[in-house]
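Note sheet for the following structure.
We name chains A, B, ... by the order of the sequence lines, and we start the count at 1 in each one.
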2 protein chains.
Amino acid sequence: MTIEQDTVRDLLWQLAFQFKVRCHQAVRESGLDLGGMHVRMLQVIDEEPQCTANRLCQRSGRDKAQITRLVKELERQGLVKRSPHPTDGRSQVLQLTGRAKRLVGRVREVEQDVERQYVEGLSERELAAFVATGRKMLDNVSEVD
Amino acid sequence: MTIEQDTVRDLLWQLAFQFKVRCHQAVRESGLDLGGMHVRMLQVIDEEPQCTANRLCQRSGRDKAQITRLVKELERQGLVKRSPHPTDGRSQVLQLTGRAKRLVGRVREVEQDVERQYVEGLSERELAAFVATGRKMLDNVSEVD
DNA sequence: AATTTATAGTTGATATTGTCTACTAAACAG
DNA sequence: CTGTTTAGTAGACAATATCAACTATAAATT
């Protein structure tokens, strides 16, 4: 199948969708059973030093309610532990279990293969420019408080 | 809220999601009652000379089943007409009704406002480069038959 | 021409993701 | 102490996506 697009919006729509589909498929094929959102959450928790649910909202742009449910499932699957936040009693610190860390590692490799396929034939500079422009766009619509 | 990301994948994920949310909101606020996918379909039908459901699949990358349902609803809402394809008996030609055409026009304006916000501060050349790079990526993962 | 194989579209079941509202409890500001 | 904001939870529901089975036609094969 040949993918086509025309506006910036369509372009992004296609790129993101195809990325999602391919990553999800690659993850499944490597024998792991994780939904796309679950993977995303695990990755953020892995990166963020003292990750909280609220942090996940900020990083993902998704609704609080959705985050709550995702975290709940991840906890049920033994991938995330919650501990009370040291200074904020409303909040909880999220941490990956050892199993989850190994999982995230494997997922990263699989997803990097997908990403390599995407950026094949692009120079370092071209890719850097693409990312820089994309970030500017994100900044444009990111509300400053 | 401040939007953040880190890999190419995260960047695209955020850009597309925010775009979707903002466009959908803008469309709603202008008094129109159309889901995101429905809008997308109408736009493609509007652009494609002899659009068929299959064409919608190719252009959107979405599943046949989903397309069928979307078209069915659009027809029910009096936005799309189907007529038998002149040369292929399995296929049907999709066409916008007058009402749908007017709708698409209004939606375009609303969405262009959103897009303008995105690309604010970007030079023509920067934007062109972004789109060109994005298209290359899409080509990279587009299966050649 | 008859037979196989591929394609366009449909349907049903189900899973995943997203949205909205209302709520609790802790934090914070005055 | 009081009112307001913030972090997270829960329920109901809508939108989107996935998968498999099926029909009818088209196209290819022999």
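- The CE atom of A:Met37 sits 18 Å away from the P atom of C:dA15 (whole-angstrom rounding).
- Residues B:Val80 and B:Val93 do not share a hydrophobic cluster, clusters being chains of Ile/Leu/Val/Met/Phe/Trp/Tyr side chains in contact below 4.5 Å.
- In terms of position on DNA chain D, the residue among A:Thr52 and A:Val21 whose nearest nucleotide sits closer to the 5' end is A:Thr52.
- Side chain of A:Arg106 to main chain of A:Arg102: no donor-acceptor pair is present (N/O by atom type, distance under 3.5 Å, no hydrogens or angles).
- For the pair A:Arg82 and D:dT9, the criterion of a side-chain N or O lying under 4.0 Å from OP1 or OP2 is met.
- In this structure the side chain of B:Asp10 reaches within 4.5 angstrom of the side chain of A:Arg59, judged on heavy atoms.
- No side-chain N or O of A:Gln25 forms a donor-acceptor pair with one of A:Arg28 less than 3.5 Å apart.
- When atom types are taken as modelled, the side chain of A:Arg22 and the backbone of B:Val141 share a donor-acceptor pair closer than 3.5 angstrom.
- Note on B:Arg62: every side-chain N or O is 4.0 Å or more away from OP1 and OP2 of D:dT16.
- Rounded to whole angstrom, the span from the CD atom of B:Gln14 across to the P atom of C:dG18 amounts to 11 Å.
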side-chain hydrogen bond (donor to acceptor under 3.5 Å, both in side chains) evaluation trace for A:Gln66 with A:Arg69
CA-CA 5 Å; A:Gln66 198 186 348; A:Arg69 277 181 263 278; over 6 Å; no

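- Atom CZ in B:Arg22 sits about 15 Å away from atom P in C:dG18, given to the nearest Å.
- Counting heavy atoms from C-beta outward, B:Met41 and B:Ser60 have side chains that approach closer than 4.5 Å.
- The side-chain hydrogen bond (donor to acceptor under 3.5 Å, both in side chains) test applied to B:Arg116 returns B:Asp113, not counting sequence neighbours.
- Legend: salt bridge (charged side-chain N to carboxylate O under 4.0 Å, His left out) pairs involving residues 83-100 of chain B, not counting sequence neighbours, sorted by first then second residue: B:Asp88-B:Arg90.
- In this structure, B:Lys81 has no side-chain hydrogen bond (donor to acceptor under 3.5 Å, both in side chains) partners at least two apart in sequence or on a different chain.
- A distance of 4.0 Å separates CZ in B:Phe17 from CZ in A:Arg62, rounded to the nearest 0.5 Å.
- B:Gln66 places its CD atom 15 Å from the P atom of C:dG9, with the value rounded to the nearest Å.
- Contact between the side-chain N/O atoms of B:Ser91 and the OP1/OP2 oxygens of C:dT7 is not found at any separation under 4.0 Å.
- Heavy-atom distances under 4.0 Å link DNA chain C to A:Arg69 of residues 68-79 of chain A, given in residue order.
- Contacts of B:Arg40 with the nucleic acid, taken as non-hydrogen atoms under 4.0 Å apart, are absent.
- Dashed line: the shortest gap from a side-chain N or O of B:Gln25 to OP1 or OP2 of C:dT19 is not under 4.0 Å.
- Residue contacts for B:Asn54: at a heavy-atom cut-off of 4.0 Å it reaches the sugar-phosphate backbone alone, with no base atom in range.
- Overall, the helix from C:dA1-D:dT30 to C:dG30-D:dC1 carries an axis bend of 40° between its ends, with five pairs at each end and the value rounded to 10°.
- Nucleic acid contact for A:Arg28: sugar-phosphate only, since backbone atoms but no base atoms lie under 4.0 Å from a heavy atom of the residue.
- A salt bridge between A:Arg108 and A:Glu47 is absent, with no side-chain N of the basic residue lying under 4.0 Å from a carboxylate O of the acidic one.
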List the protein contact pattern of nucleotides 23-29 of chain C with one symbol per nucleotide (5' to 3'): B for base contact, S for sugar-phosphate-only contact, - for none; contact means a heavy-atom distance under 4.0 Å.
---BS--

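- Rounded to an integer number of Å, the gap from B:Leu56 CG to C:dT7 C1' is 16 Å.
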